[in-house]
Amino acid sequence: MLLTTLTLLTLAAPPDGKELLAKYDAFMSPPNFKATALMTAHRDDGTTRSYKMTIVKAGADRNRIWFHEPAAVRGQEILRNGDNSWVYMPNLKRAMRLASRDSFQGGDFNNADVLRTNYVHDYEVTVGEDPAKLDTWVLELKAKTAEAAYERIKLWVGRSPAGMPVRGEYYTASGKMLRSAAFSDVKDFGNGWTRPAKVSMRNELATQRHSDMVFESADPTVVTPDNRFTMSDLGR
Amino acid sequence: MPALLAIATRNVFRNRRRTFITAAALVVGIFAVVSIRGVLNGLQGAIIASTVKGMTGGFQVHRAGYLANVLSPPLTLDFALDDPSLAGLAKLPGVTAVAPRIMFGGSLSVPKEKEEDTPEPLFFMATAVDPTLEPQVCPDRAGLMSAGSRFDEAHLLVGEAMLGTLDAKLGDEAVLLAPDRDGALNGELSHVGGALKSVMPGELKVAQVPLAAAQRLLRMEGRATELAVAVKDLAQVPSLVAQARALLGPTYEVHAWDDVATDRRTFMQRQNAISALVSVVFLLLMLLGVANTMLMSVLERTREVGTMMAVGVTRAQVLLLFLLEALSLGVVGVAGGLALGTTFVAALGAKGLTVTPPSATVALTLYPSSSPAFLVVVAALALLGCAVFSLYPALRASRLRPVEALAGR
C-alpha cells in the first residue's frame, strides 16, 4: 500500500526543472556538432526567402555559421564566442558586432535563438503542468543574464522522452508575447542525436510572418578546433 | 431709426468715465485675442515652413499602401525611378523639383582600432536622400546639419545624441548593416560626416544617408520608396495632389505634406483649439462687463425711460435704444482693440520673433501675422455678444410701467 502511494507520488511529482532544461538543451544542441540547416522566412507579403547555412558548435558558448545561399548572403559568417557575436561581411572584408536580440537574416528568429541555445546557463527555471497538455511539462524560464535572448520563456517539453521540445513562447519583461515556436519532425540524425528537425517561429507582433529552421543533416561527433572561433579566422 | 441711433450714441457718451472703462475692457480683450492668434499664426507658419522645406516637400509620392504600413517602412513597396509614369511629375506646372528617397531601418557601428573594442551597433531609422537633388526640395535640411558637417556620396549624418553614444568623430569610418529589400543582411561602408540637430523632441536615433550608398546597402539600385516634390506655392498643393493622382494612377499614392506630417498637423490643431478656448474666455469676460454697464445704465435711468414712454416712445423703441447703446459701445471697443492688436502683430511680424522650443536645438524665427477672416469673426462675435449680453437690461427697461417708472420705482 505504502509502496503504491509512493510510486503514484513520484509519477505525479514533476522532475527537477534544471535537469529537465539540461535535457532540453541536449536535444537542441549537444556540446559539439556540425549541421546544415535551411531557414525559410515567410514574409508579410506572402513571399518566402530561404537561407542555407552550415552551423558548428563547440562547448557551451562558441558557434560559427557560414551562409551558402542565396547569393546575396554567400560568404557571410557569424561567430559567437562567449557573450560576443560578430557578423563578417565579405564585401566589406570586416566583422561587425551583432546584437543578440536583432533579427537573424531578416527572419523571425533573433540571433540568440540560433546562437545562444544553452538555456541552463541563461535562465532560472521552475516546472509546472499544463492541464491541456498532460503529456508535457511546462518550464517557466526567467533570464538571469542581460545577454539572454528573452526576459521570460515558457517551454513545453515532452515527458517521454523527458525534455523533448514541443512548444515555446517568448515574452518581454512586461509579459508581452513576442514570438512562439513549434518544434516538430523529431528525427534521429545518427550518432545518438535525436532532435526536432523543424522549428517554426511565429512572430506574434506581425502574425502573418513566420520562419522555419530545418536541420537537414547534423553530426554531434564533429569537434571543431579552437582556432575556428577567433575573429582572425573569419573570412577564411 | 437714425434718430434712435443718434440718441443711443449720445447716451453712451453721457457717462464718459464708465464708457471709457467698459470700452477699455473691450479693447484689452480684443487686443489679447488678436495678439495671441497673431503669434500663433507666426508659430504655425514657421512649423509649416520647417516641415515643408526641411522634411516633407509640398507633397509626396509612394507606392499605394505605403503610408498605411505603420509598423515599419516596407522596402518592398518601392518603385523604379525610371518608371515612365513618374516622368510627368516634374513637368506639372507649379512643381519646382522632385527628389527620390528611401526610408529604412538598420544599425550603425563606428569601428575602433581593435575590432574587440567596437561597441554593439546602434539601431537607427534613416532617410536616404540624394545629396544634389534633396536641397532643391528641402533647402532647410542643410540647416539641421551641425557646423562643419559634410553630406555627400561618402559621408552620412547621424543624430547628435547618437553621435555621442557611438563616440564617433567626423571622418570616422561608419559601417551600415541592414536587411536588404529581400530581408538578407547586407553591409555598406561610409564615413561620419557630422551631426543632425533635432527640431522636435524625441528625434534621437536618426541618420541621413546618401541615396546611392543606401541603394547598394538595400540592393535597390535605381529604386526608391518615396518622391518628395517641391511646389512653387503651398496653396496649389491640393490641386497638384489631384493632378499627380490622375497622372500616376492606382499603383501610386499621393499625399499632401500635412497628410504625411500628421503629428505636426495634430499639434497645430491642438494649438488652435486651445487658442480658441482662451479667446472665448476673454470675450465672455469683456461681455460680462458690457452687461454690467448696461444694467447699471438702465437702473439709473428708470425715470428717464418712464418719461420717454409717457411721451409716446414704444416699448420696442426702448428695447432697440438700449441695444444700440450696447452696440455703439461695442463698436468703439472692438475698433480700438482691432487697431491696437493688428498694429502690435504687424510690428512683431516686421521684426520677427526668435524662439528655441524646449529640447530642440534649432531656433525658430516667427513672423506673427493677422488673417482678415479671423479679425472679421472676432469683431462679429464681439458685437453679437454685446447685443446678446445687453438683451436682459434692455428687456428690463422696455418692460417698465410708465407710471411706476416716473415715480422712480
Side-chain angles (χ1 to χ4, degrees), chain A residues 39-53 65 67 69-79 81-108 111 146-147 203 205-209 211 230-232 234, chain B residues 63-66 68-78 104-124 154 165-167 172-191 205 213 215-221 225:
Chain A
M39 183 190 76
T40 306
H42 298 257
R43 294 156 45 104
D44 317 48
D45 56 7
T47 58
T48 61
R49 304 283 185 278
S50 292
Y51 300 87
K52 196 167 184 169
M53 68 200 93
I65 298 176
F67 290 96
E69 279 171 27
V73 299
R74 189 171 301 140
Q76 281 185 25
E77 296 177 15
I78 290 179
L79 166 67
N81 196 341
D83 284 337
N84 297 318
S85 303
W86 291 269
V87 58
Y88 175 81
M89 302 303 293
N91 61 333
L92 305 177
K93 296 209 176 353
R94 57 173 85 207
M96 263 78 55
R97 234 171 238 277
L98 266 188
S100 352
R101 298 185 186 195
D102 276 356
S103 154
F104 180 77
Q105 285 295 9
D108 304 292
N111 290 316
E147 285 78 22
N203 190 321
L205 303 178
T207 46
Q208 65 275 53
R209 295 176 48 158
S211 298
T230 57
M231 295 195 56
S232 54
L234 287 169
Chain B
R63 201 34 22 125
Y66 183 85
N69 260 280
V70 283
L71 273 183
S72 60
L75 293 175
T76 42
L77 287 177
D78 62 345
F104 69 99
S107 60
L108 182 81
S109 61
V110 175
K112 303 285 174 246
E113 283 293 301
K114 280 163 65 189
E115 272 173 329
E116 285 86 350
D117 296 342
T118 306
E120 274 195 9
L122 283 184
F123 184 83
F124 66 91
T165 315
L166 284 168
D167 185 24
D172 278 356
E173 282 190 341
V175 181
L176 293 160
L177 280 185
D180 70 5
R181 190 176 178 281
D182 282 340
L185 193 68
N186 198 15
E188 178 69 25
L189 183 67
S190 187
H191 297 83
K205 292 188 172 173
Q215 286 170 331
R216 285 193 298 275
L217 174 70
L218 305 169
R219 298 193 176 96
M220 285 172 59
E221 274 91 350
T225 57

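Just so it is clear, the structure is predicted and the values come from calculations on it, not from any experiment. For the numbers below, each heavy atom of this structure counts, side chains included, while hydrogens, waters and symmetry mates do not.
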Which distance, rounded to the nearest 0.5 Å, do you find between the [atom1] of [X] and the [atom2] of [Y]?
X	Y	atom1	atom2	result
A:Tyr51	B:Asp182	OH	CG	6.5 Å
A:Leu92	B:Asn186	CG	CG	7.5 Å
A:Asn111	B:Leu185	CG	CG	8.5 Å

Counterpart residues, side-chain contact (heavy atoms from CB on, under 4.5 Å), relative to A:Ser50 (two or more places apart):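 A:Ser50 satisfies side-chain contact (heavy atoms from CB on, under 4.5 Å) with A:Leu38, A:Thr40 only.
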Under the salt bridge (charged side-chain N to carboxylate O under 4.0 Å, His left out) test, residues paired with A:Arg74 that sit two or more places apart: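 Not a single residue meets the salt bridge (charged side-chain N to carboxylate O under 4.0 Å, His left out) criterion with A:Arg74.
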Evaluation steps, side chain to side chain contact (heavy atoms under 4.5 Å, CB included), between B:Leu177 and A:Met89: CA-CA 9 Å; B:Leu177 280 185; A:Met89 302 303 293; 3.9 Å; yes
Heavy-atom check, side chain of A:Gln105 versus side chain of B:Pro179, under 4.5 Å: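 No, side chains not in contact.
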Stepwise side chain to side chain contact (heavy atoms under 4.5 Å, CB included) test for A:Asn91 and B:Leu189: CA-CA 9 Å; A:Asn91 61 333; B:Leu189 183 67; over 6 Å; no
Side chain A:Arg94, main chain B:Pro111, donor-acceptor under 3.5 Å: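 A pair under 3.5 Å: no.
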Minimum heavy-atom distance between A:Leu98 and B:Pro121, given as atom pair plus value: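 Nearest heavy atoms, A:Leu98 then B:Pro121: N-CD, 4.5 Å.
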Closest approach of A:Val73 to B:Ala184 (non-hydrogen atoms, all atoms of both residues):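 Shortest heavy-atom contact: CG1-CB, 3.3 Å.
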Which portion of A:Ala41 sits near chain B, non-hydrogen atoms under 4.5 angstrom: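 No part of it gets close to chain B.
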